[in-house]
Protein chains: 2
Amino acid sequence: MSLSFAILSVLVANHASGYDLTKRFNPSAEGSVGFFWTASFQQIYRELGRLEEKGWLQAQTVQQDNRPDKRIYSVTELGKQHLRDWITEAEKSPPVRDELLVKLNAGYLVDRPAILVKLKMHQQQHQQRLAIYEEIERNHFQNPETLSEFLQFSYLTLLMGIHYETGWLTWCDRAIRFLEMPVQEETKR
Amino acid sequence: MSLSFAILSVLVANHASGYDLTKRFNPSAEGSVGFFWTASFQQIYRELGRLEEKGWLQAQTVQQDNRPDKRIYSVTELGKQHLRDWITEAEKSPPVRDELLVKLNAGYLVDRPAILVKLKMHQQQHQQRLAIYEEIERNHFQNPETLSEFLQFSYLTLLMGIHYETGWLTWCDRAIRFLEMPVQEETKR
DNA sequence: ATGTTATATTCAATAATATGAATATGTCAA
DNA sequence: TTGACATATTCATATTATTGAATATAACAT
């Protein structure tokens with residue numbers, strides 16, 4: 001369900017083709033939904049078809065000289081109303097599923113260096129992700145007080161990303177230090 | 001895939017029936033996998049069947065006087081080895097999918113009070129969750145330095161939970177303050 | 001007795017996601 | 001001209017996840 005609304009929310013701000021959308025739903029694409037909702041191109045095209053059928057979207061075929069033709073989608077009034085309703089609805093808390101924590105929880109089954117490697121890799125990934133967010137902040141959100149309404153909400157999602165990654169990083173630090181901690185004297189003897 | 005290993009990792013520590021497992025995979029169950037991997041009972045029973053077929057688990061039927069009979073599962077050597085291999089493997093970063101952020105990103109489409117209600121509900125939920133984690137910490141992890149190897153890893157997953165919820169909470173605070181901030185003088189006129 | 005709750009499990013349908021393959025047009029560089 | 005990219009979309013299949021329904025035993029309260 002959410003994917004369709006995520007698509008609507010992107011299209012309501014900017015008309016786009018399926019191909020354009022696939023890029024915005026990529027987790028590593030700059031400044032787009034991909035940061036908090038990912039989808040494959042196959043998913044997106046299927047969903048676009050459904051939404052058009054329901055009349056929530058309308059499409060316009062655009063001939064191009066130097067590219068294959070494309071279909072540009074835009075949100076209808078009906079679609080926009082459904083989007084607004086969905087946003088207002090209460091959402092149930094998403095199912096938690098974290099593979100790393102499942103593995104870590106059973107970490108006593110394998111040797112410690114293997115676990116440490118894993119944690120350090122995660123640390124790096126979160127550092128990189130945080131760096132991206134902070135660059136976006138520097139480039140586009142220097143003065144949060146003066147943002148347009150539209151950008152205020154973008155800013156809040158960016159802030160969440162920063163807090164999220166920071167949380168992971170401080171945990172990674174603590175976890176690594178904890179596991180590298182020398183064994184207590186009593187247990188050594 | 002992960003679910004099967006999550007099941008193995010629980011069973012390797014304690015033999016259990018399908019019914020026992022369903023409780024451990026509940027997100028609100030105290031001190032269990034449910035905190036980082038949830039699954040419904042139907043999923044669990046199906047997975048148990050598959051794992052038994054593959055010989056990674058073995059089951060023993062236990063007659064009970066005051067209850068329906070049950071099947072107690074335990075992990076075979078084969079299963080244990082596969083579990084260890086899986087833990088050691090590198091995991092790909094999980095797909096990001098956060099419904100709240102999708103909604104918030106399009107928050108300019110609805111009125112601000114509706115968004116604030118949403119944020120405050122989330123704040124409450126995260127507060128409650130954090131309180132649970134902190135209680136577990138107080139009750140079972142007062143002296144992290146003296147924990148058994150097994151419990152050291154439990155402790156680390158608990159720590160992650162605490163950092164995660166703390167990150168959400170500080171963000172909720174900032175986001176709410178930001179949206180409640182009085183409109184700038186220029187934009188008012 | 002009747003209804004509710006807890007234990008214990010199975011089957012079926014549907015929805016969502018992931019993966020692989022295929023097709024078509026056009027640019028650009030070796 | 002061959003190969004590698006980038007644009008643009010479709011179809012098929014497989015795996016997971018969600019939801020609903022069903023069955024059975026037994027405790028416990030009204």
Side-chain angles (χ1 to χ4, degrees), chain A residues 1-7 11 15-29 33-34 36-54 57 59-73 86 91-99 102, chain B residues 1-7 15-29 33-34 36-54 57 59-73 91-99 102:
Chain A
M1 262 296 87
S2 287
L3 174 58
S4 50
F5 293 108
I7 288 175
L11 289 177
H15 301 178
S17 67
Y19 189 76
D20 297 332
L21 285 170
T22 61
K23 281 183 287 181
R24 312 274 306 265
F25 277 90
N26 181 306
S28 49
V33 255
F36 38 88
W37 202 277
T38 55
S40 65
F41 63 94
Q42 295 95 329
Q43 261 181 294
I44 289 167
Y45 282 108
R46 181 155 40 76
E47 210 57 47
L48 284 171
R50 287 180 191 162
L51 289 170
E52 198 185 354
E53 232 181 293
K54 283 202 283 186
L57 288 182
Q60 200 185 344
T61 304
V62 175
Q63 250 96 45
Q64 294 185 115
D65 294 342
N66 47 353
R67 299 281 148 83
D69 297 353
K70 61 180 174 180
R71 311 194 71 211
I72 297 289
Y73 289 91
W86 175 76
E91 59 283 341
K92 42 190 169 180
S93 39
V96 200
R97 286 206 178 95
D98 194 311
E99 197 175 321
V102 176
Chain B
M1 261 296 86
S2 288
L3 174 58
S4 51
F5 293 108
I7 289 175
H15 301 178
S17 67
Y19 189 77
D20 298 332
L21 286 169
T22 62
K23 281 182 288 179
R24 312 275 306 264
F25 277 90
N26 180 307
S28 49
V33 257
F36 39 88
W37 201 276
T38 56
S40 64
F41 63 95
Q42 296 95 330
Q43 262 180 293
I44 290 166
Y45 282 109
R46 180 156 39 78
E47 210 57 48
L48 284 172
R50 287 180 192 160
L51 289 170
E52 199 184 355
E53 232 181 294
K54 283 202 283 186
L57 289 182
Q60 201 185 342
T61 304
V62 174
Q63 251 95 46
Q64 294 185 116
D65 293 341
N66 47 352
R67 298 284 149 81
D69 297 354
K70 61 180 174 181
R71 311 193 71 211
I72 297 289
Y73 289 91
E91 59 283 341
K92 39 189 170 181
S93 38
V96 198
R97 284 203 181 97
D98 194 311
E99 197 175 320
V102 176

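To find a chain, count down the sequence lines: A is the first, B the second, and so on, and within it residues start at 1. Note that the coordinates shown come from a computational prediction; the quantities given were computed from them, not determined experimentally.
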How many whole angstroms separate atom [atom1] of [X] from atom [atom2] of [N]?
X	N	atom1	atom2	value
R24(B)	dT7(C)	CZ	P	15 Å
E99(A)	dT16(D)	CD	P	12 Å
I72(B)	dA8(C)	CD1	P	8 Å
R50(B)	dA17(D)	CZ	C1'	11 Å
F25(A)	dA18(C)	CZ	C1'	17 Å
Y19(B)	dT10(C)	OH	P	15 Å
F5(B)	dT16(D)	CZ	P	10 Å
I44(B)	dT9(C)	CD1	P	11 Å

>> Here's a test of your reading of the structure: between F41(A) and W37(A), which maps to the more 5' nucleotide of DNA chain C?
In response: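 The answer here is W37(A).
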
> Any idea which of dA8(D), dT7(C), dT19(C) is nearest the P68(A) side chain?
Replying inline: dA8(D)

> Between Y19(A) and R71(A), is there a donor-acceptor pair closer than 3.5 Å when you use the side chain of the first and the backbone of the second?
Replying inline: no

> Would Y73(B) and D20(B) count as a side chain to side chain contact (heavy atoms under 4.5 Å, CB included) if you check the C-alpha gap in whole Å, the side-chain angles of each, and the deciding distance to 0.1 Å?
Replying inline: CA-CA 10 Å; Y73(B) 289 91; D20(B) 298 332; over 6 Å; no

Under 4.0 Å from OP1 or OP2 of [N]: is there any side-chain N or O of [X] that close?
X	N	answer
K92(B)	dA18(C)	no
R97(A)	dT18(D)	yes
Q42(A)	dT10(D)	no
K70(B)	dT25(D)	no
Y45(A)	dT10(D)	no

>> So that I can tick it off, tell me whether R50(B) and E47(B) are bridged by a salt bridge, with the cut-off set at under 4.0 angstrom between side-chain N and carboxylate O.
In response: yes

> So what does Q43(B) hit on the nucleic acid, given a heavy-atom distance under 4.0 Å: a base, only sugar-phosphate, or nothing?
Replying inline: base

>> By nearest heavy atom, map D69(A) and R46(A) onto DNA chain D; which one lands nearer the 5' end?
In response: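 Checking each residue's closest nucleotide, the 5'-ward one belongs to D69(A).
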
> In Å and rounded to the nearest 0.5 Å, what is the CG to CG distance from L3(A) to L51(A)?
Replying inline: 8.0 Å

> Out of curiosity, Q42(A) CD to T22(A) OG1, how far, rounded to the nearest 0.5 Å?
Replying inline: 10.0 Å

